[in-house]
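Order of the sequence lines sets the chain letters (A, B, ...), proteins ahead of strands, with each chain counted from 1. No experiment lies behind these values; they were computed from the predicted model shown.
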2 protein chains.
Amino acid sequence: MVRRTKEDAMETRAKLLDAAEALFSENGVTHTSMMQVAEKAGVTRGAIYHHFENKMDLIESLMGRVKLPIDEMREQIAEGSEFDPMVEIKGRSKEFISRVQDDPQVRSLASILLHKCEYIDEVNPIKLRHVSGRNECICDIEKLFESAIEKGDLATTVDARIAVIGLFSLVDGLIYNWLLAPDYFPLVEYGNKAIDSYINGLIR
Amino acid sequence: MVRRTKEDAMETRAKLLDAAEALFSENGVTHTSMMQVAEKAGVTRGAIYHHFENKMDLIESLMGRVKLPIDEMREQIAEGSEFDPMVEIKGRSKEFISRVQDDPQVRSLASILLHKCEYIDEVNPIKLRHVSGRNECICDIEKLFESAIEKGDLATTVDARIAVIGLFSLVDGLIYNWLLAPDYFPLVEYGNKAIDSYINGLIR
DNA sequence: GAATATACATACATTGATGCATGATTAAAC
DNA sequence: GTTTAATCATGCATCAATGTATGTATATTC
C-alpha cells in the first residue's frame, strides 16, 4: 500500500513524530536509530526520509511541533491582565512544574531537553530552542519583577535580573532532579513550597 | 616504542583520561570516538583497549578519578566543627558554585554530567554516580537543616527535606543554566544572591 | 641472560547506521 | 482517462566505529 491520501500522509508524519518523541525521551537521541523510529511508527525508513531530510530535521520538527510550556507562559503573560505581578510570577512558576508532572508530552519534551540529548555545538537545534526560549522568557518575567519592585512589593535590595535567574534556576533544578528519579520526591508538592520559600526571601 | 616502563604506562593512562575528559566535555560523550581520544592523547586505540575494557569503563574511571565537589562537601561536613548549621549550609553551597566556576576540571565534569551525556538507562555509570552522590549529599545536608530547625533558626513551618531539595535544585539549576551559556550571567555573583534569597525565605 | 609478561601498535572482521537510488502503487490534476 | 506526482517500500553502497586478534619491542623476573 503506497500513495495513500494526503491525510494519511499527515497521519504517518504525526506517527513518526510521536514515535521519535517517545523513543528519544526514553533511550536518548543519539541512541535511537531511524530504524527504531520507523518500526515504532509502523513504517520503514523510507517513510522517514520522505518526510524529513535527516535526523536533525526530524528533531527540529519535533521541537517545533509542541508549544513548550515556556512559550505558553509567555503568551499568557502577554495577554494577562493580572494586577499583582508577584502573584502572577508565583502562579506561572507553579503551573509550569505542574504541567511537567501531569502532561506526558510536556514531560517527554522536558526529559529530552534535560537528560536525553547532548548539547554538542551552538547550532544544535535542540540547544538553540532551549536557550532562545529561556532567554526570551527570562526577559518577560524580568519585567514583572521590575513592576513588582516599582510597586514596592520587594525588598529594595532585590535586583530584577538576579531574581529571575534565581527563580528560573530553581524551577529548572527542581524539574531536572525530579526527572532524574521521579520517585525520590513529589515534584509539585515540594516544588511549590520551595518556590514559596524563594519568593518569600525576596519580599521585604 | 613499546613496552615502556610502568610509570610511563600510568602516564599514558592519565593522558588518556585527560583527553577523554576534554573531548567529552566539549563534544559530548557519544559524539566522541575512541579514535579521537587516542589521537588527542598521542597514542593509538590499542593503548585505550589495553587500559580500559571499553568506552563505559573509560567513563567509569574518569568519574572515579576526581573527587566531585559534592564528595568534598560531604567530607568537610563530616569533619566540620562549625556551630551554626545555616552558616555551614550557605557556605558550602557558595563554595560549590565557586569551584564549578573556577576549577577547570570540576567545570568539565559538571559539564559532562549536565550537558554532554545522555542518561539512557539505570545502569549508566554516569547517572549512577550522579544520583547516588546527590542522594547521599542530600541526606547529609538534611541533617544540618534539622539541627537548624531544632535550634529554632528556621520558621517552624519549614520541612528539612523539602528545604534541602529546594536548595539542591537551586544550585543545580544555577550551574545548569550557567553552563548552557556562561556569558549570560556571572555564576558566583548571581548565584550567591539567589542562595541568600532562598535561605532568607526559610528564616523566621 | 633466558624466559616471561607488559605496553602498546597494527590490522582485520564485524556491525549498525546512514543516505540515496530506484521501484511500485495509487491519489490528484488536467 | 491519461498524465503526473506523491507516498512509501526496497535494496544497495558507504562509512564510521567498535572489538579483537595479532605482532613487536622492551621492561621485568627469575
Q) At what distance, to the nearest 0.5 angstrom, does CD1 of B:I48 lie from CG of B:L17? A) 10.0 Å

Q) Under 4.0 Å between a side-chain N/O of B:H51 and OP1 or OP2 of C:dC8, yes or no? A) yes

Distances for protein N/O vs nucleotides 18-22 of chain C N/O pairs under 3.5 angstrom?
| from | atom 1 | to | atom 2 | distance (Å) |
| --- | --- | --- | --- | --- |
| C:dT18 | OP2 | A:M34 | N | 3.1 |
| C:dG19 | OP2 | A:Y49 | OH | 2.8 |
| C:dG19 | N7 | A:R45 | NH1 | 3.1 |
| C:dG19 | O6 | A:R45 | NH2 | 2.5 |

Q: Whole angstrom is fine here: how far is it from NE2 in A:H50 over to C1' in D:dT10?
A: 16 Å

Q: Return the residues of residues 7-28 of chain B meeting this criterion: a heavy atom under 4.0 Å from some atom of DNA chain D. Order them by number, or give none.
A: none

Q) How many Å lie between CD on A:Q36 and P on C:dT15, as a whole number? A) 18 Å

Q) Does any non-hydrogen side-chain atom of B:R161 lie less than 4.5 Å from one of B:I138? A) yes

Q) Hey, is NZ on B:K193 packed in by over 12 heavy atoms from elsewhere, all under 6.0 Å? A) no

Q: Whole angstrom is fine here: how far is it from NE2 in A:H31 over to C1' in C:dG16?
A: 13 Å

Q) Are any of the side-chain heavy atoms of A:K15 and A:E11 separated by less than 4.5 Å? A) yes

**Q.** Side-chain H-bond candidate by donor/acceptor type, A:T30 with B:E118, under 3.5 Å
**A.** yes

Q | Expected output: side-chain A:Y198 to main-chain B:A194 donor-acceptor under 3.5 Å | A | no

Q: Using the six-membered ring wherever Trp is involved, compare the ring planes of B:Y176 and A:Y176 and label them parallel, tilted or perpendicular (cut-offs 30° and 60°).
A: tilted

(Q) Measuring from atom CG of B:L174 to atom OG of B:S93, what distance do you get when rounded to the nearest 0.5 angstrom? (A) 10.0 Å

Q | Rounded distance (Å) that lies between atom C1' of D:dG19 and atom CE of B:M56 | A | 15 Å

Q: Rounded off to whole Å, could you give me the NZ-to-P distance for the B:K6 and C:dC8 pair?
A: 13 Å

Q: Without swapping roles, check the side chain of B:Q101 against the backbone of B:V188 for a donor-acceptor pair under 3.5 Å.
A: yes

Q. From C:dA7, C:dA28, D:dC8, pick the nucleotide closest to the side chain of A:T5?
A. C:dA28

Q) Could you state the CZ-C1' distance from B:R4 to D:dT28, rounded to the nearest angstrom? A) 16 Å

